[in-house]
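Start at 1 and go down the list; that is how both ligands and their atoms are numbered. Nothing fancy with the numbering, it's 1 onward along the sequence.
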Amino acid sequence: MADAATGGAHAHRHADGVDVPTARRLAHDAGAARLLPPAPLPLDECGGTVLAAPLVARSDAPSVDSSAMDGFAVRGEGPWSVVDRVLAGAVARRALTPGEAAEVATGAPVPAGTERVLPIEDVTVDGSRVALTGPWPSRRHVRRRGEQVTAGTVLLDAGVPVSAAVLGLAASAGADSLTVRRRPRVGALLTGDELVTSGVPRPGQVRDAVGPLLPGLVEHLGGRPVEARRSGDDARALGAALDSLLATDADVVVTCGMAGAGPADHLHAWLGDIGASLVVDGVAVRPGHPQLLAVLPDGRPLVGLPGNPLAAVAALLLLLGPVLDGMTGRVGPPAARVRLVGAVPSGRPVTSLVPVRRGTEPGTVEAAGPAGPAQLWGLALADAVAVVPPGAGPQDLVELLPLP
Ligand SMILES: Nc1nc2c(c(=O)[nH]1)N[C@H]1C(S)=C(S)[C@@H](COP(=O)(O)OP(=O)(O)OC[C@H]3O[C@@H](n4cnc5c(N)ncnc54)[C@H](O)[C@@H]3O)O[C@H]1N2
Ligand code: MOO
């Protein structure tokens, strides 16, 4: 690491950097310090945001007593005379008296006085008379008003990500808009003189693999990818590219490459020069230990990804994810914990990240494929990344970080 960078640095650093739980907590705290303001948004613009206020039911569900079946709402003993017809969108003309029936559609309001709904398959209809063909059905097939939810019920707490199901629930609850925190805008800078963006690289060149994976992962982690710029390796080019990226409205900056201590790694020096605070400078994890998190003088977080592509993904999962959670107030589900079977790292002194997929035995996962730091094959076959803590044995449960 370049000494110049320690000027503005406050991170406590040992050989490898901080441990994984500490890194994730520091990243979450840095994001939470930049909590985005809550804002009302129309429902159709809320997908992928995070609730900033609880979702409260605005009405009872169902809003009236309604039929759960296509059939006949009846009162008293049969046979019944059919006096009304209530299809979806309509309301009954009048209450039923004993011996009367109304034809009803599923979801339609039942007339006042309805005791039960007889499904169409359980009755015979003769002109305006309807009779039960068999014994009384065991169920009444009437959904009572407020049976599912009563007005004022808190359906979801602040912090819940707005999924497709949440949009549907919000609509059912009568909401036209939601108070949410938008996706933080994530600007990126990919560094490296050797990078090419098409074709098979010539000797000395490397095909950029992080640029193509970045938008999908940023999106998966709750951000909005807005810019992906490139810079060569010299210090001035890096500084100019970062300055111009910071002039955009990005809420978070991600860099790729230059996270290490090599001769062309000018990121630490630039961070030191501008007076950034280095919050995480290295994490005790394989792959991805040179990852870093800084807070820029204007308060924006910068996540530095190592150049090796799987190491870059490690940093996205361990640092960018928690930063974005902090900025949006997102509260994820409790971590899934499973047993990692097969050839797995065991008894290592630092945390290992292993791309995994569901194992054949229930409740297990197995390594998905080859996963060296510069290798994405296993990741492409994986549905999650397992976090294997230092010293973990083959029987231990491990946390899964889901992949898109
Ligand atoms: N003396 C040491 N050398 C290295 C160490 C170390 O501790 N001591 N750590 C190694 C580890 S681990 C990693 S990871 C890398 C980190 O490197 P940088 O973040 O400084 O990145 P670069 O040097 O620019 O690149 C490393 C490697 O990755 C390739 N790369 C970069 N960007 C991309 C991209 N967008 N797509 C595909 N591949 C990319 C680059 O060509 C290099 O091969 O440092 C190790 N060295
Ligand atoms: O972070 Mo590095 O890729 O572990 O090799």
task = For the pair D60 (side chain) and S63 (backbone), establish whether a donor and an acceptor sit closer than 3.5 Å, ignoring hydrogens and angles.
result = no
task = Begin with the C-alpha distance, continue with both residues' side-chain angles, and end with the deciding distance and a verdict on side-chain contact (heavy atoms from CB on, under 4.5 Å) for V283 and D19.
result = CA-CA 6 Å; V283 178; D19 62 22; over 6 Å; no
message = Tell me which residues fall inside the under-4.0 Å heavy-atom shell around ligand 1.
response = E194, L195, V206, R207, D208, A209, V210, G257, M258, A259, G260, D265, H289, P290, P306, G307, N308, P309, A311
I'd like to know if [X] and [Y] make a salt bridge, using a cut-off of under 4.0 Å between side-chain N and carboxylate O.
| X | Y | result |
| --- | --- | --- |
| R24 | E399 | yes |
| E194 | R202 | no |
| D396 | R339 | no |

remark   = Across all chains, not counting sequence neighbours, the side-chain hydrogen bond (donor to acceptor under 3.5 Å, both in side chains) partners of R144 are D65
query = Can you name the residues that form a side-chain hydrogen bond (donor to acceptor under 3.5 Å, both in side chains) with E227, not counting sequence neighbours?
reply =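 E227: side-chain hydrogen bond (donor to acceptor under 3.5 Å, both in side chains) contacts with R229.
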query = Can you name the one residue among R182, R300, R183 that meets side-chain hydrogen bond (donor to acceptor under 3.5 Å, both in side chains) with D251?
reply =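 It is R182; the other options fail the test.
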remark   = Under 4.0 Å from ligand 2, residues with heavy atoms, in chain and number order, are P287, G288, H289, P290, N308, A311, P373
query = Is there side-chain contact between V354 and V385, with at least one heavy-atom pair below 4.5 Å?
reply = no
